[in-house]
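I'd like to ask some things about the structure below.
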Protein chains: 2
Amino acid sequence: MATTTAAQRRAQARTEFDAFLAVCPSRQLLDRVSDKWVGLLLCALGGGSFPQPSAEEGTPRAMRYSELLRQVAGVSPKMLTQTLRSLERDGLVTRSVVATVPVTVSYELTDLGLSLHVTMRALKGWAETHVAEVLEQRAAYDARPVEKIT
Amino acid sequence: MATTTAAQRRAQARTEFDAFLAVCPSRQLLDRVSDKWVGLLLCALGGGSFPQPSAEEGTPRAMRYSELLRQVAGVSPKMLTQTLRSLERDGLVTRSVVATVPVTVSYELTDLGLSLHVTMRALKGWAETHVAEVLEQRAAYDARPVEKIT
DNA sequence: CAGGATCCCGCTAGATACTG
DNA sequence: CAGTATCTAGCGGGATCCTG
């Protein structure tokens, strides 16, 4: 009974945390859209091939599986499929299969996905705007000598 | 030399990917701010205790370490420290130490951190606005029978 | 009170191989 | 072309113990 005290407190905290999560579905959704590949895919499907400051975004369009695989470059087929599935499940993209000789599958943003894309671009815009400043801060932080904590 | 072909292609792709990343620092920054705890901490330091649709955000203020530990509820001391350090390094928060009898440490958003907080709230706003719609889509997707792929 | 150090487990996600 | 299945390593992150 002596060693369970800390564990019980942890369990209690965990329970409270879970309960808290349960009453706040927007939290999970926030976690989902915070996914690394989600952002990149939204970006790609939104018409911008990749987050490049100088490149202006194009128009949203349907894209093939392999096209996405090339464009995002670094994502594995597994993660691409997995991410696309979750996006489809959440109603952010549509999946269209055309029974050509080699099967053709294309993905496109829904209106809902498009609205998220707008928001993601805002976040991306922030990163692009402030990346230099952050790098400065980071360099300053790393360069500072081991000094006494004031 | 026969088995290295696929590996080499992978390595090449990896190199291109890394090179691409190198010329696009905003990508890494985007990954950083997409972190789970970063969002929650920004939210907490921004004055809103947690992402609750009905609760209006308060004003940004300095918060104690233990205060954050309680408020975010679910984050371990390790992750809290780790995340706060990265935020401090990036110049998004300031760390203030007051040498009281028990040491007092407080964290506060910088102007830069505040600007990110604004953007994060926009993302949070999107989640809160569309969470119901997403849940519907998700339910519909899960409820659909195992049908032939059209 | 505010962490640092260490151990360790589970899940993520990458590599590889196979299929309709 | 557009995936699926399996295996596995790496690491994120929790638990625990210790310090200033």
Side-chain angles (χ1 to χ4, degrees), chain A residues 2-15 17-18 31-32 34-38 40-41 62-88 93 95-107 146 148-150, chain B residues 2-15 17-18 31-32 34-38 40-41 62-88 93 95-107 146 148-150:
Chain A
T3 52
T4 54
T5 312
Q8 283 181 347
R9 239 176 307 158
R10 289 283 179 187
Q12 176 62 17
R14 185 82 68 97
T15 302
F17 178 58
D18 286 341
D31 282 354
R32 282 226 60 81
S34 290
D35 181 78
K36 179 185 182 181
W37 302 120
V38 166
L40 293 176
L41 282 183
M63 292 179 71
R64 306 268 295 277
Y65 179 87
S66 55
E67 199 173 359
L68 287 169
L69 200 61
R70 263 180 285 109
Q71 197 132 76
V72 176
V75 68
S76 59
K78 175 184 173 182
M79 288 315 296
L80 181 57
T81 301
Q82 187 172 307
T83 308
L84 285 171
R85 285 285 182 280
S86 82
L87 289 177
E88 186 193 5
V93 305
R95 177 174 179 271
S96 309
V97 180
V98 180
T100 50
V101 180
V103 183
T104 303
V105 181
S106 61
Y107 297 87
V146 184
K148 290 284 292 183
I149 306 169
T150 315
Chain B
T3 53
T4 53
T5 311
Q8 284 180 346
R9 238 177 306 157
R10 289 284 180 185
Q12 177 61 17
R14 184 81 67 98
T15 301
F17 179 57
D18 286 342
D31 283 353
R32 284 225 62 80
S34 291
D35 180 76
K36 177 186 181 182
W37 302 120
V38 166
L40 292 178
L41 282 183
M63 291 180 72
R64 305 269 296 277
Y65 179 85
S66 55
E67 198 174 359
L68 287 168
L69 200 61
R70 262 179 288 109
Q71 196 130 75
V72 176
V75 67
S76 60
K78 176 183 173 181
M79 289 314 295
L80 180 58
T81 301
Q82 189 172 306
T83 307
L84 284 170
R85 284 286 182 278
S86 82
L87 290 177
E88 186 193 4
V93 304
R95 178 174 178 270
S96 309
V97 180
V98 179
T100 50
V101 180
V103 183
T104 302
V105 181
S106 62
Y107 296 87
V146 183
K148 291 283 293 183
I149 304 170
T150 317

Could you go through residues 77-85 of chain B and list every donor-acceptor pair under 3.5 Å that involves a side-chain atom there, pairing it with any protein atom two or more places apart or in another chain?
unit_1: B/Thr81; atom_1: OG1; unit_2: B/Tyr65; atom_2: OH; d: 3.0
unit_1: B/Thr81; atom_1: OG1; unit_2: B/Pro77; atom_2: O; d: 3.0
unit_1: B/Thr83; atom_1: OG1; unit_2: B/Met79; atom_2: O; d: 2.6

Write down the atom of A/Asp35, the atom of A/Val38, and the distance for their closest heavy-atom approach.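 What the structure gives for the nearest pair is OD2-N, 3.2 Å.
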Got a sec, which residues hit side chain to side chain contact (heavy atoms under 4.5 Å, CB included) with A/Ser66, two or more places apart in sequence or on another chain? A/Arg64, A/Arg70
Spacing between A/Gln82 atom CD and C/dA13 atom P, to the nearest angstrom: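 Atom CD in A/Gln82 sits about 7 Å away from atom P in C/dA13.
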What is the distance, to the nearest angstrom, from the CG atom on A/Leu80 to the C1' atom on D/dC1?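 To the nearest whole Å, that distance equals 13 Å.
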If you fit an axis to the five pairs at each end of the helix from C/dC1-D/dG20 to C/dG20-D/dC1, how big is the angle between those two axes, to 10 degrees? 50°
D/dC1 P sits how many Å from A/Leu68 CG, rounded?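 For the pair A/Leu68 CG and D/dC1 P, the rounded distance is 13 Å.
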Rounded to the nearest 0.5 Å, how far does CH2 of A/Trp37 lie from OG of A/Ser76?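 CH2 of A/Trp37 is found 7.5 Å from OG of A/Ser76.
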Summarise how protein sits on nucleotides 1-8 of chain C as a single string, 5' to 3': B when a protein heavy atom is under 4.0 Å from the base, S for sugar-phosphate-only contact, - for no contact. SSSS----
Could you pull out all residues at least two apart from B/Arg32 that satisfy salt bridge (charged side-chain N to carboxylate O under 4.0 Å, His left out)? B/Asp90
Specify the separation, in whole Å, of atom CG of B/Asp31 and atom C1' of C/dA13. 14 Å
Counting C-beta onward and ignoring hydrogens, is there a side-chain heavy-atom pair between B/Leu87 and B/Leu41 closer than 4.5 Å? yes
Interatomic distance, A/Leu69 CG vs D/dC1 P [rounded to whole Å]: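 It works out to 10 Å between those atoms.
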